[in-house]
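Everything on this sheet refers to the single structure shown next.
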Amino acid sequence: MLARAARGTGALLLRGSVQASAHPPRRASSGLPRNTVVLFVPQQEAWVVERMGRFHRILEPGLNILIPVLDRIRYVQSLKEIVINVPEQSAVTLDNVTLQIDGVLYLRIMDPYKASYGVEDPEYAVTQLAQTTMRSELGKLSLDKVFRERESLNANIVDAINQAADCWGIRCLRYEIKDIHVPPRVKESMQMQVEAERRKRATVLESEGTRESAINVAEGKKQAQILASEAEKAEQINQAAGEASAVLAKAKAKAEAIRILAAALTQHNGDAAASLTVAEQYVSAFSKLAKDSNTILLPSNPGDVTSMVAQAMGVYGALTKAPGPGAQNSVSRSGRDVQGTDANLDEELDRVKLS
């Protein structure tokens with residue numbers, strides 16, 4: 001008896017497992033697992049059991065035992081994430097453009113009891129809710145915002161579905177728009193708008209480049225002028241400093257030359273050397289007459305070198321006399337006497353010849 005009972009129990013277990021593997025669990029009433037007393041529930045599935053037509057309990061994954069005849073598996077709910085294709089539908093935007101749009105819905109059953117008894121077909125209900133919500137949300141946006149705000153549109157649809165599907169025990173995880181089909185004429189208008197926008201951006205960029213180029217050229221000219229003026233200023237300063245140094249050096253050299261000349265004139269025969277120098281300078285200056293200009297100022301007797309030398313030496317002698325009372329008048333008188341009397345000129349000439 002015990003062996004026969006064990007064999008019967010084993011046959012029931014084997015038949016239950018074969019039936020479970022031959023008929024995958026589905027949410028429809030047909031093809032549901034049969035009550036074989038001992039049942040093995042797969043992971044991520046929830047089997048809803050009714051006892052005498054009334055909800056009894058939900059079988060957890062693993063080993064479960066039911067009472068034959070009284071208990072019946074009424075629903076099988078999958079707890080995995082479910083992907084549902086939302087069919088293509090027509091929707092009118094805020095600016096009266098008709099779009100053909102479809103999407104993908106990702107949802108999960110959170111409460112098997114509500115999913116079984118809250119709605120007849122949860123997937124169909126959620127799909128219809130997604131379509132109506134999509135049409136409602138598209139009616140609030142213009143065509144340009146539909147393309148720019150796809151993420152916010154998806155988020156709004158998910159929020160609307162979750163608010164309505166909470167009593168169904170279903171939670172919408174994501175909603176993604178797959179394709180948006182625009183009418184051909186609207187697509188042509190959009191293409192023309194895009195091309196015009198690109199031409200506008202190109203023109204703006206070109207004008208900005210021209211402006212930047214002009215600014216850079218003007219800035220370069222400004223910097224060049226500033227540097228040129230600073231260079232000219234430095235050049236003038238250096239030139240002035242050089243000229244001042246040259247004048248100072250010439251003055252020092254001339255002073256030294258005068259000092260040496262004065263020392264030489266005080267020596268023996270210094271007057272004769274001075275007369276010779278004056279005569280040489282006179283001859284050199286007379287030889288250069290009428291070379292640089294047509295206007296010539298000649299002395300009364302340009303050929304008389306001795307008189308000119310005598311006059312120069314007379315002036316020199318008057319200047320080299322010791323200063324005293326009436327010295328300026330004596331210099332003037334000596335100058336007049338040298339210029340006005342032939343006797344004095346002859347005496348000076350004789351003295352130069354003797355020397």
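Residues: numbered from 1 along the sequence shown. Values below: every heavy atom of this structure, side chains too, minus hydrogens, waters and symmetry copies.
One N or O on the side chain of Thr203 and one on the backbone of Arg199 form a donor-acceptor pair closer than 3.5 Å. With hydrogens and angles ignored, the 3.5 Å screen pairs a side-chain donor or acceptor of Ser229 with a backbone N or O of Ile226.
As a member of the Ile/Leu/Val/Met/Phe/Trp/Tyr network built from side-chain separations under 4.5 Å, Leu70 groups with Met52, Ile67.
Of all non-hydrogen atoms in Thr133 and Leu129, the two that sit nearest each other are OG1-O, 2.6 Å. Of all the heavy atoms in Leu105 and Ala130, the pair that sits closest is CD2-CB, 4.4 Å. Considering every non-hydrogen atom in both Glu45 and Trp47, the closest pair reads OE1-NE1, 3.1 Å. Of all non-hydrogen atoms in Phe147 and Arg150, the two that sit nearest each other are O-CG, 3.8 Å. The minimum heavy-atom distance linking Ala115 with Ile109 is given by the pair CB-CG2, 3.7 Å. Tyr117 and Glu50 make their closest contact through OH-OE2, 2.8 Å (heavy atoms, listed as atom of the first residue, atom of the second, distance).
You'll find the side chain of Phe40 stays beyond 4.5 Å of the side chain of Pro33, heavy atoms only. For the pair Val104 and Tyr175, the minimum side-chain heavy-atom distance is 4.5 Å or more. Leu32 places a side-chain heavy atom less than 4.5 Å from the side chain of Val76. A heavy-atom distance below 4.5 Å is not found between the side chains of Arg74 and His56. The side-chain heavy atoms of Val126 and Cys172, taken from C-beta on, include no pair separated by under 4.5 Å. In this structure the side chain of Asn154 reaches within 4.5 angstrom of the side chain of Glu176, judged on heavy atoms. Residues Pro87 and Thr127 are in side-chain contact: their nearest non-hydrogen atoms beyond the backbone lie under 4.5 Å apart. Gln131 places a side-chain heavy atom less than 4.5 Å from the side chain of Val86.
Summarising the geometry, atom CG belonging to Leu138 is positioned 11.0 Å from atom OG1 belonging to Thr98; distances are rounded to the nearest 0.5 Å. In this structure, CD in Gln225 is found 11.5 Å from CD in Glu232, a value given to the nearest 0.5 Å. Atoms CD and CD, from Gln89 and Gln100 in turn, are 8.5 Å apart once rounded to the nearest 0.5 Å. Atom CH2 of Trp168 sits about 13.0 Å away from atom NZ of Lys114, to the nearest 0.5 Å. Expressed to the nearest 0.5 Å, how far CD1 of Ile58 lies from CD1 of Ile73 amounts to 12.5 Å. Distance check: Glu208 CD to Glu212 CD gives 7.5 Å after rounding to the nearest 0.5 Å.
Crowding of Arg135 atom CZ: a count of heavy atoms from other residues, nucleotides or ligands under 6.0 Å exceeding 12. Atom CD of Gln223 has more than 12 neighbouring heavy atoms from other residues, nucleotides or ligands inside a 6.0 Å radius. Environment of NZ in Lys254: sparse, with no more than 12 heavy atoms of neighbouring residues, nucleotides or ligands closer than 6.0 Å. Surrounding CZ of Arg185 are at most 12 heavy atoms belonging to other residues, nucleotides or ligands under 6.0 Å away. Within 6.0 Å of the CZ atom in Phe55, the count of heavy atoms belonging to other residues, nucleotides or ligands exceeds 12.
A salt bridge links Arg259 and Glu256; the closest N-O separation between the charged side-chain nitrogens and carboxylate oxygens is under 4.0 Å.
Looking at Thr93 and Asp95, their side chains do bring a donor and an acceptor atom within 3.5 Å of each other.
Each of Val48, Val49, Ile65 was scored for a side chain to side chain contact (heavy atoms under 4.5 Å, CB included) with Leu59, with one residue passing: Val49.
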Handout entry: Criterion side chain to side chain contact (heavy atoms under 4.5 Å, CB included) on Arg171 and Asn162, from CA distance to verdict
Key = CA-CA 6 Å; Arg171 180 175 181 80; Asn162 286 331; 4.0 Å; yes
Exercise for the section: Could you check Ile170 against Ile82 for side chain to side chain contact (heavy atoms under 4.5 Å, CB included), going step by step and ending with a plain yes or no? Expected result: CA-CA 11 Å; Ile170 299 174; Ile82 303 172; over 6 Å; no
Practice task
Begin with the C-alpha distance, continue with both residues' side-chain angles, and end with the deciding distance and a verdict on side chain to side chain contact (heavy atoms under 4.5 Å, CB included) for Met134 and Asp102.
Solution key: CA-CA 9 Å; Met134 171 62 72; Asp102 56 358; over 6 Å; no
Problem - Worked verdict on Leu94 versus Leu141 for side chain to side chain contact (heavy atoms under 4.5 Å, CB included) - result: CA-CA 5 Å; Leu94 184 62; Leu141 301 175; 5.7 Å; no
Problem - Verdict with supporting geometry, Lys140 and Glu137, salt bridge (charged side-chain N to carboxylate O under 4.0 Å, His left out) - result: CA-CA 5 Å; Lys140 301 177 183 178; Glu137 292 294 331; 3.8 Å; yes
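Put simply, Val186 and Ile177 are part of the same group of oily side chains (I, L, V, M, F, W, Y) that touch within less than 4.5 Å, one to the next. The hydrophobic clustering, which links ILVMFWY residues whose side-chain heavy atoms are closer than 4.5 Å, places Ile84 and Ile161 together.
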